[in-house]
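Just so you know, ligand 1 is whichever comes first in the structure, and atom 1 is the first atom listed for that ligand. No experiment lies behind these values; they were computed from the predicted model shown.
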Amino acid sequence: MGVLWLDEVDKDDVPIVGGKAANLGELIRVGIPVPEGFVVDGKTFMDFLESSGLKEKIIGILNSINVEDTKQLEEASRKIREMIESTPMPKDVEEEIKQAYRKLCEESGEEVFVAVRSSATAEDLPGASFAGQQETYLNVRGEDEVVEKVRKCWSSLYTPRAIYYRVQKGFRHEDVSIAVVVQKMVNSEKSGVMFTSHPVTGDKIAIIEAVWGLGEAIVSGMVTPDHYEYDRVQRKIKVVKIAEKKVMLTRQDSKTVKVELDEEKSKARVLSDNEIEELVKLGEIIEDHYGTPQDVEWAIENGKIYIVQSRPITTIREEKREEEVELEEGKVLLKGLGASPGIGIGKVKIVLSQDEISKVEEGDVLVTTMTTPDMVPAMRKASAIVTDEGGLTCHAAIVSRELGVPAVVGTEKATKVLKDGMVVTVDGDKGIVYAGAIKEKKKEEKPTVVAQAPIITATEVKVNISIPDAAERVAATGADGVGLFRIEHMVLGLKKHPMKYIKDGEIEEYINELYKGMKKVVKAFYPKPVWIRTLDAPTDEFRAMEGGEDEPIEANPMLGFRGIRRDLREEEHFRAEIRAIKKLVDEGYTNIGIMLPLVTSPEEVRRAKQIIMEEGLPLDKIEFGIMVETPAAALIIEDIIKEGIDFISLGTNDLTQYTLAVDRNNENVAYLYDETHPAVMKLIERTIKICKKHGVKTSICGQAGSYPHVVEKLVKMGIDSVSANPDAVQRIREVVARVERKLMLDKLREKELENIPE
Ligand code: PEP
Ligand code: MG
C-alpha cells in the first residue's frame, strides 16, 4: 500500500512515512482533531525511481559531481529534479493518490483545498528542515494538481542543499527516501498559536495568541494578536488582552489575501472563554503525550478546533531566575506584553528602516515597529527591545528570549511615544517601559521563623556562567566561585568571527572585548576564583558569524576542529585570550584560573603553557588546569599531571558522548546518553583518585554536576568542588552538606564500634 491514511500511522512508522506524518498520526491516536489527510509513503517513491529507471541515472549523476563545486551541484540538482518532475508516475500509484484525494472531497461534495508537504524519513530527520526538504505547497486543488505536487515534493529530495547535506552527513544517496503528506486545508475564521506551558519559565500557564483568519499573520508580526493566559494549576483564565487587529489573511480561491477589518471587528475579542478552555484541554493532552511542553498551531473553522502542528518548546530556560526584580515607582510611558524577562536600561534608538540599524550601540534600547532577521546583530547589542507590534511568538519575542535580552512587544506606539536619545527602563517581565533609569527596589527581608545559618560545606559548591552581564546575579547565589566560565556565548555575541578580527588587523579590539566581558565576571566574584575556559568553538556554531564563512565544513563537528587543538592551530587567537587575561592579572585580579578544553595529550598542555609563558602571564599568581572531557585525558591523566597542572574539571557532557559514542547533538541516539553509565563513572573515579594522589584539585562542571544523584557519588569519591548551574547551586549545596554529614557520622560510628570491647 503506497497511500496510508494519517489515522493509520504512528511513531513506529517514521521510517516509512516520515516524521511529520507520524507526528500527525500520533496526535490523532490520542484524540486530537487534526485535519484529515493521507500520506504517500517513502516506499512508493523508491519504487517509482526503480521502475522508471531513474534511480541509476540519479546515482550516476550524484556520484560524478564534487558537491563543493556549487555550479556542479546546482546543475546536478536541476537535472535530477527535472527528470523526476517530467517522468509520469506508475498508473496505479497515480490512481491511488487520486482516489484518496477524491475521498477527502467526499464529505464536502466539492474539490477541497489541500496542503501537500514532504515528510522526511528517518535518516534525514534531525537536519531535514535545514536541508530544505520540508517543501510545502498550500492551496492545492484538483486531483491532477495533487499528483503534480506530490512529484514536486519528491523532487525536493534533490535540492542542492539536500544533496550537500547528505554528502556531509555521510548518508548514501541510494538509501534516502521521502514521504508526502496530503492534508485538508482549514480555511480558518480564527487561528493562532498556543504554548501549553510558559515558553520562558516552563510554568504551567498556557499562553494563547489569536487572530482573525489565517495564522501566518502572527509570526510575520503583521497583526498583533489577542493574548490570553490560562493558569493550569488554578484552572482559570488569568489574562485577556484584546489587541486591535487591523487586517486578516484569508484564502480566496487559491490565493492568500490581506483584508482590512472594520473598526468593530478589529477590536472584537477573538476567542470565547469556552474556546480557550477547550484549546487548553487539547494542549494538555498533547503535552502529556509527548511529556514536554508544546508549541501548538491551531485553527478554528465552522466552530471546530483543529490542531495543525505541534512541536516541543525549545526556549524554556534551564536556569530559572532566582526571582523577579522589583523596580521602584516610575513614570510609565508605555505598556505592552512582557515577551522576554529581565530589566534593561538604556538610550532609545528608533529603527524604522534597514539603514538605521547601525545606529544601535552597545547597551541601547532598540525600538522598532517589528524586528526583522537583519536586525539580529543590533538586537544582540541592545540592553532591551521594544516594538509597536507583535505577540509572544513574533520574531522580536522569539529572538530576544533566545538572546536573553529583555523585551516588550505590542506596545502599539513605541516608535511614536519614545524619542531617540531618551533614557528608559524596560521591564520585560511586566511589559512596561518607564521614563528614566529606575532603580531596583531594596528587597524586603523575608521573615523567617527560625534563623538559619548559611550552609558551609567542605566540598566547594561553585557555579557555571556564560553571560558576563548575568555575573552579579549569579554571584548572588553565594557560590564559592566560578567552576566554568564558558566564553563562547560572549564571543558569539561579538560583531564578527574572532579570526576575522585577526585577519582585519583588529586583534587589539578583540582582546579588549574579551577583557571587558571577563572583567565583569572576575570582578563580580572577587576574591573567589573564576576558572575561565579558553574558547571551545565548534565550526558549525561559529559559521553564522560575520567572517564565519571560512569555517571548515565537518562531517561531525563534535569530533572536529574545536577546543584546545583548534587554539593551538590558530595560535594568534589563543594568544589574544591570554593577553586579555594578562590585562586582568596586571590590574590585580588574581582570582583567575585558566582551563583548557578538550585536552587529549600532554603535548597540548605543554605547548599551551609555553605560549602562556611567552606572553608573560605569571602562572604562579593564578591557577592553571584542564577539562577532563575525553576518555584519553582520563586514561593518561598521570602523564598530563606531569606537565604541571593545579586542577582538573570533569566535563561530563563531552566525556559521556566520547565514551559512549553518542553524539550529544543527535536526537536519534539521545536515549543512549547517560552520564552515569558505568564506563563514564569508572573514568571519573580513576581521574579523581589519581589527581588526589598527586595533589591536583578535582572538580566537575558538566551538567551532571547539577544532578544530586551524581553529586552524591562524587562527594563520596572525594571531589574537591562541584560547579552547578545557577538555579541548582542551593540544591546542590544541600545535597553536598547531607552527604558530608553522613560520611562523618559513618566514620564516627566505625570508631565507636572499634572501641567497644569484644
Ligand atoms: C562538558 O563537556 O561537560 C562541558 C562542561 O563543556 P561544554 O558543555 O561546554 O562542552
Ligand atoms: Mg565540553
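- Nearest to atom 8 (O) of ligand 1 by heavy atom, out of M595, R664, E488, E629, is R664.
- At a 4.0 Å heavy-atom cut-off, ligand 1 does not touch L650 at all.
- With N653, T630, N464 as candidates, the residue nearest to atom 3 (O) of ligand 1 on a non-hydrogen basis is N653.
- Counting the atoms of ligand 1 from 1 in the order shown, those under 4.0 Å from a heavy atom of G651 are 1 (C), 2 (O), 3 (O).
- The pair R738-E734 does not meet the salt-bridge criterion, since no charged nitrogen lies less than 4.0 angstrom from a carboxylate oxygen.
- Of all the heavy atoms of R486, the ones lying under 4.0 Å from any atom of ligand 1 belong exclusively to the side chain.
- Residue M627 places a heavy atom less than 4.0 Å from ligand 1.
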- Task: Would you sort out whether R543 and D550 count as a salt bridge (charged side-chain N to carboxylate O under 4.0 Å, His left out), showing the intermediate values?
- Result: CA-CA 8 Å; R543 190 169 300 121; D550 296 339; over 6 Å; no
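- Under the 3.5 Å distance criterion, the side-chain polar atoms of S706 are left unmatched by any main-chain donor or acceptor of A728.
- Among the heteroatoms counted here (N, O or S) of E629, OE1 is the one nearest to the Mg ion (ligand 2).
- Against a heavy-atom cut-off of under 4.0 Å, D654 is close to the following atoms of ligand 1: 1 (C), 2 (O), 3 (O), 10 (O).
- Between Y510 and H573, the ring planes lie tilted relative to each other; the angle falls in the 30° to 60° range.
- You'll find the side chain of T457 reaches within 4.5 Å of the side chain of R733, heavy atoms only.
- The nearest protein atom to atom 6 (O) of ligand 1, hydrogens excluded, is given as R533 NH1, 2.9 Å; this is a heavy-atom distance.
- A donor-acceptor contact shorter than 3.5 Å links the side chain of R565 to the backbone of G560.
- In this structure, CD in E577 is found 10.0 Å from CD1 in I612, a value given to the nearest 0.5 Å.
- Closest N/O/S atom of D654 to the Mg ion (ligand 2): OD2.
- Against a heavy-atom cut-off of under 4.0 Å, L484 is close to the following atoms of ligand 1: 5 (C).
- Ligand 1 lies less than 4.0 angstrom from a heavy atom belonging to R562.
- Classification of E488 and R533 as a salt-bridged pair holds, one side-chain N sitting under 4.0 Å from a carboxylate O.
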